[in-house]
Amino acid sequence: MSRHLERDNNLPKYRDTLLKNALIDLTADSNVLAIYLGGSLAKGNFDIYSDIDLHIIVTSEQKTDFIKEKRKRSSSWGEVLFYEDFNPLSPVIVTHYDCFIKVDSWYHSPEEVVPSIWLKDLDVLYAPHNIISDVIKESSIREYKPSKEEVEFWRGKIIAFIHESYRAVMRNEIYYAISNLDRVRWLIASGWYMEIEQHLDSSYGVWSKVEGNRSKLNKQQLSLLERWYCSRNPQDIMQTMEKMIPEFLRLNKLLSERVEIEENEEHFKKIIEMTI
């Protein structure tokens, strides 16, 4: 049991305070045209540990200045603990506060906000100029379906990581081998999302929302993920990799048929047999 449970139970309150402070600050600036929430807070599948994905649309002329001042701006919303991956030229900054809440704040110009599956179910907090109503409307009716390019990228990455896992094992680079194995595991999980035509609301290689209460995977798939866990033992790594191959081949067949590309099963088997 964590010794931080009392603090954790208060995280929603701390999160609300941070968001309120951010909105007071941002809406007072005439160069801020709109503000919306993304992520789990917008979609309604949040928990006490969810962070704030805050998107701020600013005038094109002032966007560069907002980016320059992004650290100073977020520091006015609460007591900053640290900044994550701070890049002065990036339009996003991840700020961690001493209350154990983090805020991902993104700065966009109006022309950059276009209809996308990523903008489905966003939560508009401030839009006095009504500049994103059409974007919201079109994004809300978009349905995710995997594309030919997406499936080709997916299967190319899987076989590449299988080969790289083998090389790492043979070099005794065990953590690297495990890292590559984990990418294969994650890619198969993302293939399950493509199979049910559900957009995986996590960045490439990120396990957030794949497991746990927010997962859209079924019990059998979650059970497979559990069985695909392995130790640092080189033989265990390669045996675990081998266990995943049938599911990769099944998904490749199904997804290839769906997007109307050649499944090339024999070719992929030949590639895989070079390592297993």
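A quick note: this is a predicted structure, and the numbers were derived from the prediction, not measured.
- Annotation: side chain to side chain donor-acceptor pair (under 3.5 Å) contacts of Asn252 (sequence neighbours excluded): Arg155, Ser256.
- Between the Lys43 side chain and the Lys120 main chain, a donor and an acceptor come within less than 3.5 Å of each other.
- Annotation: salt bridge (charged side-chain N to carboxylate O under 4.0 Å, His left out) contacts of Asp8 (sequence neighbours excluded): none.
- Considering only residues two or more places apart in sequence or on other chains, Ser40 meets the side chain to side chain donor-acceptor pair (under 3.5 Å) condition with Ser50.
- The shortest distance between side-chain heavy atoms of Thr59 and Leu33 falls below 4.5 Å.
- Between Asp29 and Arg73, at least one side-chain nitrogen of the basic residue sits less than 4.0 Å from a carboxylate oxygen of the acidic one, meeting the salt-bridge criterion.
- Less than 6.0 angstrom separates the ring centroid of Trp154 from the ring centroid of Phe248.
- Seen from the ring of Tyr176, Arg171 does not count as a face-on cation partner, given the 6.0 Å and 45° thresholds.
- Residues that satisfy the side chain to side chain donor-acceptor pair (under 3.5 Å) test with Ser76, not counting sequence neighbours, are absent from this structure.
- Under the ring-ring contact (aromatic ring centres under 6.0 Å, His included) criterion, Phe82 pairs with His96, sequence neighbours left out.
- Without hydrogens or angle criteria, Ser165 side chain to Phe161 main chain gives a donor-acceptor distance under 3.5 Å.
- Screening residues 203-215 for side-chain hydrogen bond (donor to acceptor under 3.5 Å, both in side chains) gives Asp182-Trp207 as the qualifying pairs, with residues at least two apart or on separate chains.
- At distances below 3.5 Å, not a single donor-acceptor pair connects side-chain atoms of Asp236 with backbone N or O atoms of Arg232.
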(message) side chain to side chain contact (heavy atoms under 4.5 Å, CB included), that's the test. Do Trp106 and Leu54 meet it? Break it down for me.
(response) CA-CA 6 Å; Trp106 303 72; Leu54 194 63; over 6 Å; no
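- Note on Leu255 and Leu217: same hydrophobic cluster, where clusters join Ile, Leu, Val, Met, Phe, Trp and Tyr whose side-chain heavy atoms are under 4.5 Å apart, directly or indirectly.
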